[in-house]
Amino acid sequence: MSESEVAGVVGDLLTPRRTSSVTPWLQSLNASPGLVVAVIVIGVDEWVAGIAIGLFLIGVLGYWLSWRKRTYWINEENELEVRSGVLFHRSRRLRISRLQSVDIVRPLITRLTGYSSVKVEVAGSGDSRVVLSFLKVKEADELRSVILGLAKNESVAPQPEGPEIQWAWKVPNGRLVASLALTTSTYFLIIGAIVSVAIVLLDPFGGTGLITLALTVGGAGITLIGGVTSLFNFSVGRSERGIAISHGLITTASYTVSPIRIQAVGLVQPIAWRPLGWYQITINVAGTDQSSQKSGPKVLIPVIHESNLSELFGELLPAWNLELDRNWIEASESTRWRFPWQARRLAVSLDSGLFMARSGALTRRLGAVPHARIQSLRVTQGPWERRLGISRLHADSVPGPVSLSARGLADTIAVEVAKGELDLMFAAREVTTSEDW
Amino acid sequence: MNIAELFSAGSSDWLRVNPKLRAYWHTLVVLVAIPLLLVASVVLFFAWNVAVVKLIAFIAIGVVVVSSIWIWILVTRRVRSIGYRIEESELKVSSGIMFRRVVSVPFARMQLVEVSAGPLERAYSLASVQLHTASASTDAKIPGLDPERAAQLRDALASHSATAGL
C-alpha cells in the first residue's frame with residue numbers, strides 16, 4: 001500500500017466504526033457446535049429442535065447487542081480505541097507506539113465465510129490485547145497494514161514485524177498450577193484445616209468448624225486462581241529487540257524488555273519446592289513507564305527446575321554469569337540471636353561481576369545484581385545488632401521484588417565487604433545514559 | 001577502618017550540619033505535641049465524669065509529654081550524629097544514634113539533586129539537600145544546611161555527576 005493510500009484508509013479509521021454486521025450470526029454459529037451435539041444426543045424431535053433454535057436466536061440477540069455497542073477507531077493520540085459493553089461501558093486504548101503484533105486470526109467458521117478477526121497486541125501489563133471480530137478479509141488486511149504503518153512512523157516504535165523469537169521457554173500450565181498450590185498460601189490452608197478439624201472435634205454439632213474450613217479453603221482457592229489466571233501460558237523468549245515475556249489467561253500481558261533494563265535477578269524457593277528442585281525467578285526492571293501507571297514485569301519465569309537454570313540464564317542474561325556455587329561470606333555466629341531461623345542461611349558473595357545475597361528460612365531467597373547497576377550502598381545497624389557486633393549491607397536497586405540485603409555480617413567483615421563492593425562499583429562503572437535504565 | 005569510623009561517630013573529617021537544626025526540630029516537637037495535648041484537654045473537659053475516658057485521656061497526655069521530652073533530649077544527639085562528606089567519586093551521608101546508617105552514592109549513579117526548604121525551615125533559614133538515584137531506597141538526605149551551603153553542595157554534586165558521565 002502506498003503512503004497516500006495509507007493516509008486515505010487512516011482517514012476512514014479516525015471515526016468510530018463497527019465490525020461487520022454479520023458478526024452476531026457468525027459468533028452464534030461459532031458457539032453452536034455444542035448446541036448441535038446436544039440436539040443429536042437428546043434426539044431430534046420438534047421440542048428439542050424448537051428449543052435449540054430458540055437458544056440460537058437468543059444467542060444472536062445477545063451477540064447483536066454487544067456488537068452494536070462495540071466500536072473501534074484510531075484516536076488523536078494515535079491509539080487504537082475500542083469501546084464496548086451493553087450495561088457497563090468499557091473503553092480500551094492501545095498505544096500504537098507500543099505495538100507488539102497485529103495478527104489475523106481465522107476461526108473455522110470464518111474460514112468458510114470470508115471473514116476474519118484481527119488481534120492487536122501492545123507491550124504492557126493487563127489490558128494489552130484486543131481481538132476485533134469479525135471483519136471482511138480485505139478490511140482486516142487494511143486495518144493490519146494501517147496499524148503497522150502508523151507504528152513504523154512513530155519515532156519510538158519498535159519494528160512490529162521485527163525479528164523472530166530466537167529462543168523461547170514455555171512453562172507447562174500443569175506445573176504452574178502445582179507450583180502455585182505449593183506456595184505459602186498452602187501453609188495457611190493446612191493450618192486452617194487443622195484448626196477447623198480441631199474445632200469440629202471439640203464441638204461436633206456447631207457450625208463453626210465448617211465455616212472456618214470453608215473460609216480457609218475459599219481464601220486459598222481465590223489466591224491460587226488469581227495466580228494461575230495471571231501467569232497462565234507463561235512464555236519467555238529472546239528476540240533481537242530483547243527479552244519477550246507474555247502470560248495471562250483472561251487478559252494477556254506481554255512485554256519486551258531490553259536486557260540492560262534488568263537491574264537485579266532473584267531466585268525464590270518456597271519450602272515445598274525444595275525437594276522438587278523448583279525455583280521462581282523475579283526481576284527488578286528499570287525505567288518502567290510510571291506515567292501510565294503500568295508496572296513492568298516482575299517475574300521472569302514463575303517456575304523452573306534447577307537443571308534448566310543455567311540454560312535459561314545463558315540464553316537470556318549471558319553477561320551475568322549467574323553461578324550459585326561460589327565463595328559465600330556467611331553470617332557471623334552471633335547472628336542467631338537476631339535472626340534465629342535464617343542465621344545459617346544468610347550470606348553474601350562478591351565476584352568480579354555480581355553482588356549476591358541470600359536469606360530465608362522457609363522460603364529461600366537469593367538476589368543478584370551486577371556491580372554497575374547498584375545505585376547506592378548502605379550499611380545500617382540497629383541497637384540489638386550493635387550489641388551483637390553485626391551490621392547489614394544493602395545494595396540499593398531500582399524498585400522491584402528483588403531486595404539485596406546482606407544481614408548478620410560481623411562488623412569487621414561488613415566494613416571490608418562494603419569497601420570491596422564500593423571499589424567494584426567504581427571499577428564497573430559502565431557508560432550509563434538515562435535511556436539505559 | 002572499624003565500624004565506628006564507618007558510621008562517622010566522632011570523626012572530625014566529616015562535614016556537620018548547622019546546629020540551628022536543633023532549634024528547628026525542637027519547634028517541630030512542640031508543634032506536634034500542642035495540638036495533641038489540646039485535643040486531650042478538650043476531651044477531659046467534656047468527659048470529666050466518665051471514668052474510662054478520663055483515664056484514657058490522662059494516659060494519652062502522659063504518653064505525649066514523656067515522648068516529647070524524650071525526643072527533645074534525643075534531638076541534640078541526633079543532630080550531632082549527622083555527617084556527610086564528598087569524596088573523590090561518591091557522596092557519603094551518615095546519621096542515627098540507635099539505628100545507625102551510612103549511605104554511599106557514587107556520583108555516576110546520581111539522577112537528581114533536590115534542594116528543599118519548607119516554611120518553618122525557611123524561618124530558621126535552613127534547607128535540605130536530597131540525592132536521588134534510580135533506586136527508591138537510596139536514603140541520602142542532608143537536613144539542616146544553610147541555604148547558601150545547600151546551593152553550593154547542589155552545584156558541586158551536579159558538576160561531579162556531569163564529570164562522572166551522567
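Side-chain atoms are counted along with the backbone in the values below, which use heavy atoms only and exclude waters and symmetry mates. Chain identifiers are assigned alphabetically (A, B, ...) following the order of the sequence lines, protein sequences preceding nucleic acid strands; residue numbering begins at 1 within each chain.
For the set A:L377, A:V379, A:D411, A:T380, the count of heavy-atom pairs under 4.5 angstrom toward chain B peaks at A:V379.
Shown here is B:E87, whose CD atom has more than 12 heavy atoms of other residues, nucleotides or ligands within 6.0 Å. Within a 6.0 Å radius of NZ in B:K141, other residues, nucleotides and ligands contribute 12 heavy atoms or fewer. More than 12 non-hydrogen atoms from other residues, nucleotides or ligands lie less than 6.0 angstrom from CH2 of A:W328. Within a 6.0 Å sphere centred on CZ of A:R344, other residues, nucleotides and ligands contribute 12 heavy atoms or fewer.
Looking at A:S397, the atoms closer than 4.5 Å to chain B (heavy atoms on both sides) all sit in the backbone: N, CA, C or O. With a 4.5 angstrom heavy-atom cutoff, A:L422 touches chain B only via side-chain atoms. For B:I97, the part lying near chain A is the backbone, with the side chain staying farther off; criterion is any non-hydrogen pair under 4.5 Å. Proximity to chain B is limited to the side chain of A:R386, based on heavy atoms less than 4.5 angstrom apart.
Nearest heavy-atom pair across A:V398 and B:A134 is CG1-O, 3.5 Å. Heavy atoms only, all atoms of each residue included: A:G382 and B:F99 are closest at CA-CD2, 3.4 Å. The two residues B:T138 and A:D396 come nearest to each other via the heavy atoms CA-OD2, 3.7 Å.
Expressed to the nearest 0.5 Å, how far CZ of A:R392 lies from CZ of B:R101 amounts to 14.0 Å.
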key: B:R109 vs A:Q375, side chain to side chain donor-acceptor pair (under 3.5 Å): CA-CA, chis, key distance, verdict   = CA-CA 6 Å; B:R109 312 290 199 280; A:Q375 301 297 326; 5.2 Å; no

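At a threshold of 4.5 Å between non-hydrogen side-chain atoms, the residues A:R378 and B:S137 count as touching.
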